[in-house]
There are 2 protein chains.
Amino acid sequence: MATVSRALRGLPNVAPITRAKVQLEAERLSYRPDPHASRLAAGRTHSVGMAVPELGRWYFSQVVAGARDTLYSHGYDLLLFGVGNGEERRRFVRQWGVLGKRVDGLLLVDLRLDTDELVDVHSAGLHLVSVGDSYDNLPSVTVDNRRAAAIAVRHLVSLGHRLIALIGEDDHQRHFSVPQFRRCGWLDALAEAGIAPHPELEVPGNFTVAGGYCAMTQLLACTPPPTAVFAMSDEMAMGAIKAVRDHGLDVPGDVSVVGFDDHDLAHIMDLTTVRQPVIDSGARAATLLIEAIGGHPGAPHDIRPTELIVRASTGPRRTVTE
Amino acid sequence: MATVSRALRGLPNVAPITRAKVQLEAERLSYRPDPHASRLAAGRTHSVGMAVPELGRWYFSQVVAGARDTLYSHGYDLLLFGVGNGEERRRFVRQWGVLGKRVDGLLLVDLRLDTDELVDVHSAGLHLVSVGDSYDNLPSVTVDNRRAAAIAVRHLVSLGHRLIALIGEDDHQRHFSVPQFRRCGWLDALAEAGIAPHPELEVPGNFTVAGGYCAMTQLLACTPPPTAVFAMSDEMAMGAIKAVRDHGLDVPGDVSVVGFDDHDLAHIMDLTTVRQPVIDSGARAATLLIEAIGGHPGAPHDIRPTELIVRASTGPRRTVTE
DNA sequence: CTGAAAGCGCTTACAG
DNA sequence: CTGAAAGCGCTTACAG
């Protein structure tokens with residue numbers, strides 16, 4: 001029994017011949033160790049959890065895809081948890097005691113934890129890696145959202161725009177900090193250009209296509225309406241473009257639009273956007289987590305590069321006879 | 001010990017007072033039963049697996065999202081498996097012995113199984129539900145792909161088109177049958193209209209935006225080029241539209257394009273498409289699986305409705321002086 | 001290098 | 001209605 005266990009797991013102190021015999025017989029019976037029994041005895045589950053706010057959004061689906069591929073190639077199974085709304089999030093946080101027994105580590109995607117929640121999760125013996133958000137004492141994979149957003153907005157400023165709107169998220173959404181960083185970047189670029197931010201030009205878009213559409217509709221009703229918009233995601237940006245066109249206006253003639261992500265379809269829509277390496281970030285986070293589980297420290301904060309991709313959805317401010 | 005177990009799981013034969021005391025104390029200690037230990041003793045894992053070809057594709061991400069929500073609300077955890085390429089698929093199929101111990105049931109998304117693979121999976125004691133593909137002896141959630149595709153192509157025929165191309169998948173991809181049904185629908189509609197299918201007008205698009213772009217580029221090089229295209233997914237259709245425009249041609253003026261799915265962005269791109277209830281199918285499949293695990297038979301084959309959504313990417317064939 | 005023993009944390013008959 | 005006992009299938013010291 002014990003020898004079989006050692007032989008199959010490649011542990012030392014097994015005679016080569018014995019090991020070969022065991023492997024052969026195991027193969028013949030297509031024997032597989034029961035993962036629950038081995039976790040119970042050994043403590044390792046060989047699976048990791050991933051907490052994702054919303055699977056339906058492009059960004060999250062890509063991060064999951066990237067992480068899954070890496071986890072797969074290292075033999076880890078992936079357990080998926082939703083933490084989108086407050087109730088899910090609460091339930092997820094409350095079950096950390098169990099989670100420590102279910103998975104060897106946890107990938108948190110855009111999930112902002114309080115200090116005491118962090119303490120709980122550590123006491124559950126979980127290895128953690130954060131994607132999107134960064135924490136002092138946790139390995140993380142992020143981009144510099146504030147700087148990237150500022151670059152996008154500066155691009156609009158350089159085209160002569162002064163009325164630059166922001167399509168973002170409700171500030172009630174305290175659970176996520178990424179939108180707040182992007183908002184800061186927007187403010188930074190406006191401040192540099194000596195532009196006072198107008199509260200009317202800041203509208204939530206819920207990070208969906210439909211939300212972006214509604215937000216833009218609302219913005220077009222302003223007097224005067226903005227001549228440029230920075231949307232915090234490509235999906236919202238695409239919704240915004242549609243709204244502009246449905247109002248009989250032109251992109252970028254009447255309104256310039258910048259997004260964030262470089263969605264698969266951004267190129268198709270000729271959308272100017274901030275490209276971030278999404279799949280890659282998921283993969284990188286998975287690698288960091290696997291290293292942490294394996295007992296290797298690893299670089300704590302990995303800040304990935306972003307790049308402004310200028311396409312045809314942005315153009316110079318139309319000179320109006322004022 | 002035994003009483004605590006019964007009390008916490010709501011089993012009968014526990015005095016109300018005892019149960020209350022147990023619950024109170026469990027709460028105080030924030031005790032959670034170890035899921036591995038209980039699976040080992042009881043056999044139930046309270047988690048289900050989901051086999052998905054590719055997470056990055058819109059369709060799959062939505063199906064997963066729909067299933068996850070339902071599973072969550074019934075207290076099941078979701079284990080995600082990739083079966084995209086041949087190697088992953090083989091590995092997945094080979095581990096069925098273990099899978100039966102890891103999960104209570106399995107959701108197969110667009111995964112075509114051979115007869116002997118089906119036998120194996122049944123002998124592993126797994127409950128199965130299929131999404132996309134249908135099997136005689138398995139509950140499934142599908143749409144009538146053949147009929148839906150035929151309706152899309154008939155729409156093109158009714159607009160006067162005769163040279164109607166198909167952007168689909170390599171026929172080497174034997175693992176999936178959905179593309180083949182859609183191809184049959186294309187053939188059906190052509191046959192009804194007395195149009196002979198031209199092999200040159202059938203091009204693989206790999207179900208990606210970039211693949212659709214390449215496919216369309218290839219089609220535009222035909223002499224004569226098609227005046228209409230049916231793409232098996234909206235992502236390919238959108239890539240195709242972009243290719244048409246990059247060649248200085250107009251949609252639908254020069255080429256009409258129909259997609260399949262009703263992607264979030266199809267509306268934005270004014271894409272005519274076949275709508276299918278994607279999230280809902282995922283949710284429905286999860287429900288069927290939960291019922292199967294619970295020992296309730298449930299309706300075996302659930303064929304969900306589709307609907308042709310006509311937008312501005314299709315129009316009458318331009319009358320050329322021939 | 002090998003195998004007998006104890007134990008991981010539960011659940012399920014079974015006796016009381 | 002309650003609790004002692006056996007067992008789920010492994011792994012890890014520990015003797016040999």
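Letters go in sequence order (proteins before strands), and every chain restarts at 1. None of these values were measured; they are calculated from a predicted model.
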Quiz question: by atom type and distance under 3.5 Å, do the side chains of B:Arg57 and B:Ser61 form a donor-acceptor pair? no
When rounded to whole Å, the NZ to C1' distance for the pair A:Lys21 and C:dT2 reads 12 Å
- Query: Is a donor-acceptor contact shorter than 3.5 angstrom present between the side chain of B:Arg6 and the base of D:dG3?
  - Reply: yes
note: B:Asp34, atom CG; D:dC10, atom P; distance rounded to Å ~ 16 Å
Rounded to whole Å, CZ of B:Arg9 lies from P of D:dT2 at a distance of 15 Å
In whole angstroms, the gap separating C1' of D:dT2 from CZ of B:Arg19 amounts to 13 Å
Confirm from the modelled atom types if B:Arg39 and C:dG9 form a donor-acceptor pair under 3.5 Å, side chain to base only.
no
* Taking NZ, NE, NH1 and NH2 as the nitrogens, is one of them in B:Glu87 or B:Arg90 under 4.0 Å from a carboxylate oxygen of the other? -> no
To the nearest angstrom, the CZ-P distance between B:Arg102 and D:dC10 comes to 14 Å
So B:Arg32, base contact, sugar-phosphate only, or nothing? Heavy-atom distance under 4.0 Å. sugar-phosphate
Checking D:dC8, D:dT2, C:dT2 against the side chain of A:Ala15 (C-beta onward), the nearest is C:dT2
Problem set entry | Side-chain heavy-atom pair B:Ser233, B:Tyr59 within 4.5 angstrom cut-off | no
Worksheet entry | N/O (side chain, B:Thr3) to phosphate O (OP1/OP2, D:dG3) under 4.0 Å | yes
Contacts of A:Ala2 and A:Pro16 projected onto DNA chain C by closest heavy atom; the upstream (5') one is A:Pro16
Rounded to whole Å, CG of B:Leu40 lies from P of C:dT12 at a distance of 12 Å
- Message: I want to check something: taking the side chain as every heavy atom from C-beta on, are B:Arg102 and B:Leu79 in contact at a cut-off of under 4.5 Å?
- Response: yes
*Within 45° cone of A:Tyr72 ring axis and under 6.0 Å: B:Arg91 NZ or CZ*: yes
Here the distance between atom P of D:dA15 and atom CG of A:Asn13, to the nearest Å, is 16 Å
Worksheet item: Looking at A:Ser5, does any N or O in its side chain come under 4.0 Å of the phosphate oxygens OP1/OP2 on D:dC10?
Response: no
Assert: residue with more 5' nearest nucleotide on DNA chain C, out of A:Val14 and B:Ala41, is A:Val14
From CE of B:Met1 across to C1' of C:dT11 the rounded distance in Å is 9 Å
Re D:dA4: Watson-Crick or G-U wobble partner, both distances kept under 3.5 Å, found to be none
